[in-house]
There are 2 protein chains.
Amino acid sequence: MEKQEAFPITYSVLGLLAFMGPMSGYDVKRAFDHMLSPMWGAAHSQIYKELRRMENLGWVTMEREEQEDRPDRKVYSITTKGQEALADWQTQPADNLQMRDELLLKLLFGSFAPPGALAANVRESIMHHEQRLLQYRANVQYLPVLENALQHHTTNESHATGAKSTGMKRPNPYAPQHETEPYLNQVARFAVAFEETYLKWLYETLDAIEGRNEQ
Amino acid sequence: MEKQEAFPITYSVLGLLAFMGPMSGYDVKRAFDHMLSPMWGAAHSQIYKELRRMENLGWVTMEREEQEDRPDRKVYSITTKGQEALADWQTQPADNLQMRDELLLKLLFGSFAPPGALAANVRESIMHHEQRLLQYRANVQYLPVLENALQHHTTNESHATGAKSTGMKRPNPYAPQHETEPYLNQVARFAVAFEETYLKWLYETLDAIEGRNEQ
DNA sequence: TATATCATGTAATCGGTTACATGATTAA
DNA sequence: TTAATCATGTAACCGATTACATGATATA
């Protein structure tokens, strides 16, 4: 087997291009933060790199939009080959979940630290995740709204670069009907379920630490 | 602020040395896989690197145990400075959870892939996580056993390398009393809760995909 | 007036993964 | 007797994070 040519982030970016249409790296970053940050984080510099990588692979094409005040926009579009690569990746089995949570680490070796500091950390985490939970709950309820908001980045503004006029067909047999996006919704539901579980555990943990502390 | 000198994995390794006593890199890797893999993965090569890093920082010391058939064992021990660094890290706030799950990614863009393949992936994931759940449940119940099993790596075998005779004191004010390790237990409980939530969602997702498929 | 945010991207560095080595013992 | 597993570690490479650049507009 030849050297690996693409990775989860690669496909994340590819998926966003498939899902939301042609975009610049900057737009991809925005979309990424909105939709994917809970399950995979990425710096913008890396997204640009993945776009270049995929250009070399022929999975996307780039059209340069010249601008004056700012650097030119490089607008990327998924190709047919890219669509195939995406679907192929999704078909391959994949099951490696890595949960990188520093708080869990700190708590695991909790017996080496002053309980007060740990409790403070847990409290901070609780606030943070309560926030996220609210956000995710809103997402589940207002998914169509979110989708529109995201679409606007692509659909408003003048991007009559001719990309469409080249006939770059995207028939896309599985193209999402944006009336309802059940997969998106399903993942959003997971985010909610996860945050609820995590929060419940955090409260439980706080009780345990403080109960152990006093008394 | 000077360049960052240590990272989550660094402290993970350090914590294991504090928790289980002097070990070689190989032993650390074993312990790592047992205790930390759910929340932070690491290749053995990286663990060796972290040990070297910490040696330079003065957080650990190394004693070489010569062997014939195999490469020499380099046994690392945490120093007082290392213990301070560990506790200090735990005291700092930390809340960045990154959950890297390829399956979630694949499902998110599910509308671009054949539902049958997705369902197959979900089924495989279900089997995998059912396994993990059983394992974690056993951990919660038999924690003392697990701890003993891990301890044995360090406590059996001949390691009278003189490390102890140098008077390397490890008074360790918060040293875990191995009768019960409440923090370890608490984290194990999280692992169980997480797997339960994840599995429930996987089943739900499978239903959704298949329900949509037939009918 | 200074600081953030919008907007876009490149370059350098470092964490993390994969590959490379070596040899003994145990299992298929 | 071929292949895992035990055992132990180094070297090379690549994904991912941090830093570097640039210049507008909006906000405090």
Side-chain angles (χ1 to χ4, degrees), chain A residues 1-13 23-33 36-37 40-56 62-76 96 98 100 102 105 152-154 156-159, chain B residues 1-13 23-33 36-37 40-56 62-76 96 98 100 102 105 152-154 156-159:
Chain A
M1 58 215 85
E2 324 80 46
K3 174 136 51 149
Q4 208 166 358
E5 57 187 14
F7 306 80
I9 333 135
T10 320
Y11 293 106
S12 302
V13 176
M23 283 188 291
S24 72
Y26 190 86
D27 293 333
V28 170
K29 168 62 173 163
R30 301 271 300 280
F32 206 101
D33 288 345
L36 300 179
S37 57
W40 213 287
H44 65 281
S45 61
Q46 193 186 350
I47 288 172
Y48 288 115
K49 238 199 281 187
E50 296 304 327
L51 287 170
R52 275 177 241 140
R53 181 208 300 273
M54 289 194 290
E55 201 184 359
N56 289 333
M62 187 266 280
E63 300 256 346
R64 186 178 291 266
E65 260 183 44
E66 289 183 31
Q67 295 185 138
E68 286 160 18
D69 292 347
R70 315 151 191 278
D72 294 352
R73 281 171 62 85
K74 295 179 171 182
V75 178
Y76 292 87
N96 262 343
Q98 284 263 332
R100 276 134 191 279
E102 224 179 319
L105 284 184
H152 280 165
H153 290 301
T154 314
N156 69 4
E157 309 286 32
S158 63
H159 67 11
Chain B
M1 57 214 87
E2 322 81 47
K3 173 136 51 148
Q4 208 166 355
E5 57 185 17
F7 306 82
I9 332 133
T10 320
Y11 293 106
S12 302
V13 176
M23 282 188 291
S24 72
Y26 190 86
D27 292 332
V28 171
K29 168 61 173 163
R30 301 269 300 280
F32 206 102
D33 288 345
L36 299 179
S37 57
W40 213 285
H44 65 282
S45 61
Q46 193 186 351
I47 289 172
Y48 288 114
K49 238 198 283 187
E50 296 304 328
L51 287 170
R52 275 177 241 140
R53 183 207 298 275
M54 289 194 290
E55 201 184 358
N56 289 333
M62 187 266 280
E63 299 256 346
R64 186 177 291 267
E65 259 182 44
E66 288 183 30
Q67 294 186 137
E68 285 159 19
D69 291 347
R70 315 150 192 277
D72 294 353
R73 282 170 61 84
K74 295 180 172 182
V75 178
Y76 291 87
N96 262 343
Q98 284 263 332
R100 277 136 191 277
E102 224 179 319
L105 283 184
H152 280 164
H153 290 302
T154 313
N156 69 4
E157 310 285 33
S158 62
H159 66 13

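Keep in mind the model is a prediction, meaning the values are calculated, not measured. Per chain, numbering begins at 1; letters A, B, ... match sequence-line order.
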Worksheet item: When all nucleic acid strands are considered with a 4.0 Å heavy-atom cut-off, which category describes A:Phe7: base, sugar-phosphate, or nothing?
Response: sugar-phosphate
Worksheet item: Taking the side chain as C-beta and beyond, is there a heavy-atom pair between B:Leu51 and B:Met62 under 4.5 Å?
Response: no
Discussion item. In this structure, how many angstroms lie between the C1' atom of C:dG15 and the OH atom of B:Tyr11, rounded?
Written reply: 15 Å
Worksheet item: Does a nitrogen or oxygen in the side chain of B:Arg30 sit under 4.0 Å from OP1 or OP2 of D:dC6?
Response: no
Worksheet item: Separation of A:Met23 atom CE from C:dA7 atom P, in whole Å?
Response: 15 Å
Discussion item. At less than 4.0 Å, is any side-chain N or O atom of B:Arg73 found next to OP1 or OP2 of D:dG9? Yes or no.
Written reply: no
Discussion item. Test your reading of the model: is there a side-chain donor-acceptor pair from A:Lys29 to the backbone of A:Ser24, 3.5 Å cut-off?
Written reply: no
Response to the item:
Taking D:dT8, D:dA12, C:dG9 as options, the one with an atom nearest any side-chain atom of B:Lys49 is D:dA12
Worksheet item: OH of B:Tyr48 to CZ of B:Arg52: how many Å apart, nearest 0.5 Å?
Response: 9.5 Å
Worksheet item: Starting at CZ of B:Arg64 and ending at C1' of D:dT8, how long is that distance when rounded to a whole Å?
Response: 11 Å
Discussion item. Please determine whether a side-chain nitrogen or oxygen atom of A:Tyr26 lies at a distance below 4.0 Å from atom OP1 or OP2 of C:dA7.
Written reply: no
Between N or O atoms, less than 3.5 Å apart, protein on one side and nucleotides 18-23 of chain C on the other: list the pairs.
residue: C:dT18; atom: O4; partner: B:Ser45; partner atom: OG; Å: 2.7

Discussion item. Restricting to non-hydrogen atoms, name the atom on A:Ala42 and the atom on A:Ile47 that form the minimum distance, rounded to 0.1 Å.
Written reply: CB-CG1, 4.3 Å
Item to complete: Nearest whole angstrom, please: distance from the P of D:dT17 to the CZ of A:Arg100.
Response: 9 Å
Worksheet item: Between atom OH in A:Tyr48 and atom P in D:dT18, what is the gap in whole Å?
Response: 17 Å
Practice prompt. State whether B:Lys74 places a side-chain N or O below 4.0 Å from either non-bridging phosphate oxygen (OP1 or OP2) of D:dT10.
Written response: yes
Worksheet item: To the nearest Å, how far apart are B:Asp27 CG and D:dG9 C1'?
Response: 13 Å
Worksheet entry | Contacts of A:Asn96 that satisfy side-chain hydrogen bond (donor to acceptor under 3.5 Å, both in side chains) - sequence neighbours left out | none
Worksheet entry | Partners passing side-chain hydrogen bond (donor to acceptor under 3.5 Å, both in side chains) against A:Glu50 (at least two apart in sequence or in another chain) | A:Thr10, A:Arg53
Worksheet item: Is the side chain of B:Gln98 donor-acceptor paired with the backbone N or O of A:Gly41 at a distance under 3.5 Å, no angle test?
Response: yes
Worksheet entry | Length of the line joining A:Glu50:CD and D:dC14:C1', which is rounded to integer Å | 11 Å
Worksheet item: Has B:Arg52 got a side-chain N or O lying under 4.0 Å from the OP1 or OP2 atom of D:dT10?
Response: yes
Fill in: Nearest-angstrom distance from the residue atom CD of B:Glu66 to P of D:dT8
15 Å
